[in-house]
Amino acid sequence: MASSALIRIISLATCSVVLVVAAAGSGGNFYEDVDITWGDGRGQILRHGRLITLSLDKYSGSGFQSKNYYLFGRMDMQIRLISGDSAGTVTTFYLSSDTQNTEQTSTHDEIDFEFLGNASGSPYTLQTNIYTQGMGNREMQFELWFDPTKHFHTYSILWNPKHIIFLVDGTPIRDFRNMESKGVAFPDQKPMRVYSTLWDGEDWATMGGRVKTDWSKAPFVASYRNFTVDACVVVDDADSHSGCNSSNFGWWNQELDSESWRKMRRVQRGHMIYNYCDDASRFPQGLPPEC
Ligand SMILES: *[C@@H]1O[C@H](CO)[C@@H](O)[C@H](O)[C@H]1NC(C)=O
Ligand SMILES: *[C@@H]1O[C@H](CO)[C@@H](O)[C@H](O)[C@H]1NC(C)=O
Ligand SMILES: *[C@@H]1O[C@H](CO)[C@@H](O)[C@H](O)[C@H]1NC(C)=O
């Protein structure tokens, strides 16, 4: 489905370069920005496009995806996570290139926020991950330092040619740098859509799968609002990001200054519960080069 949408866009495009639009619908309207693509009514756009609720029950989860493909950008989403016993559930906000067939999947790029539920309600585990050329295994996990089920909080991905920075309420928690010069693939070729889903991951999500989903608590509901995108919109994949540069996008050359870096280190020291770069047992051949 996603690939046919891309083909439709390409056939409509009149020129063979990427068209750039800055932040159409900033603080956006979900009717304009996304399609609910999964869940048979379990995902709903409400309040004239200002709110989406995703729900999960025994039979299905639900999800939505952006209408546009992006190649670099800053994406912010406000999310309120499932309250109470959310064990087994996985709520996501991520970017992914197309995965319509095995060839695309085996080389796809992905930038993930995944929220793993907890039987006691808290703390919620936030897992971040990055796939490049189909290869993931780059998990970093944090325990959120606030109750993400009480209020909306802002989760952001800043993706430019040199960095992928994950932020929570404006505080950077992870900075994945472009190390192509050291042979580490970086997502900079394939356009990606924004996705959000709510699904059942009881095989692994909570205490490594030991705590299962309690379906008597269903339906589980997560809410999304104020999706804000400032990004290169790809209208035609014939060329790369030729129309996007630092003169039209403030985030193009953005990186962490020393104060932001210190803030990130503070979060990592205080709240990081897993870092693949510290998990030597998982990489008997040696840690990945970016570590
Ligand atoms: C919506 O999100 C943007 C970007 O994160 C932020 O600047 C703005 O304050 C938010 N608006 C509301 C009403 O929360
Ligand atoms: C769930 O919360 C408990 C504390 O109530 C904590 O010990 C446990 O690690 C949490 N589990 C996950 C998967 O976050
Ligand atoms: C930057 O992008 C703008 C808008 O697409 C374009 O007009 C300008 O020529 C570009 N500048 C450079 C240095 O590529």
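When reading the values below, keep in mind they use all heavy atoms of this one structure, side chains included, and skip hydrogens, waters and symmetry mates. Numbering of ligands and ligand atoms starts at 1, following listing order.
- T99 places no side-chain N or O within donor-acceptor distance of the main-chain N or O of Q104, the cut-off being under 3.5 Å.
- Atoms of ligand 3 found under 4.0 Å from any heavy atom of S247, numbered from 1 in the order shown, are 1 (C).
- Per-residue contacts place N226 under 4.0 angstrom from the following atoms of ligand 1 (heavy atoms of the residue considered): 1 (C), 2 (O), 3 (C), 8 (C), 10 (C), 11 (N), 12 (C), 14 (O).
- Relative orientation of the W204 and W199 rings is tilted, given thresholds of 30° and 60° on the angle between their planes.
- Pairs engaging residues 245-291 under the disulfide bond (SG atoms under 2.5 Å apart) rule: C277-C291 [sequence neighbours left out].
- Considering only residues two or more places apart in sequence or on other chains, H153 meets the ring pair (Phe, Tyr, Trp, His ring centres under 6.0 Å) condition with F146.
- Proximity of Q78 to ligand 1 is established by a heavy-atom distance of less than 4.0 Å.
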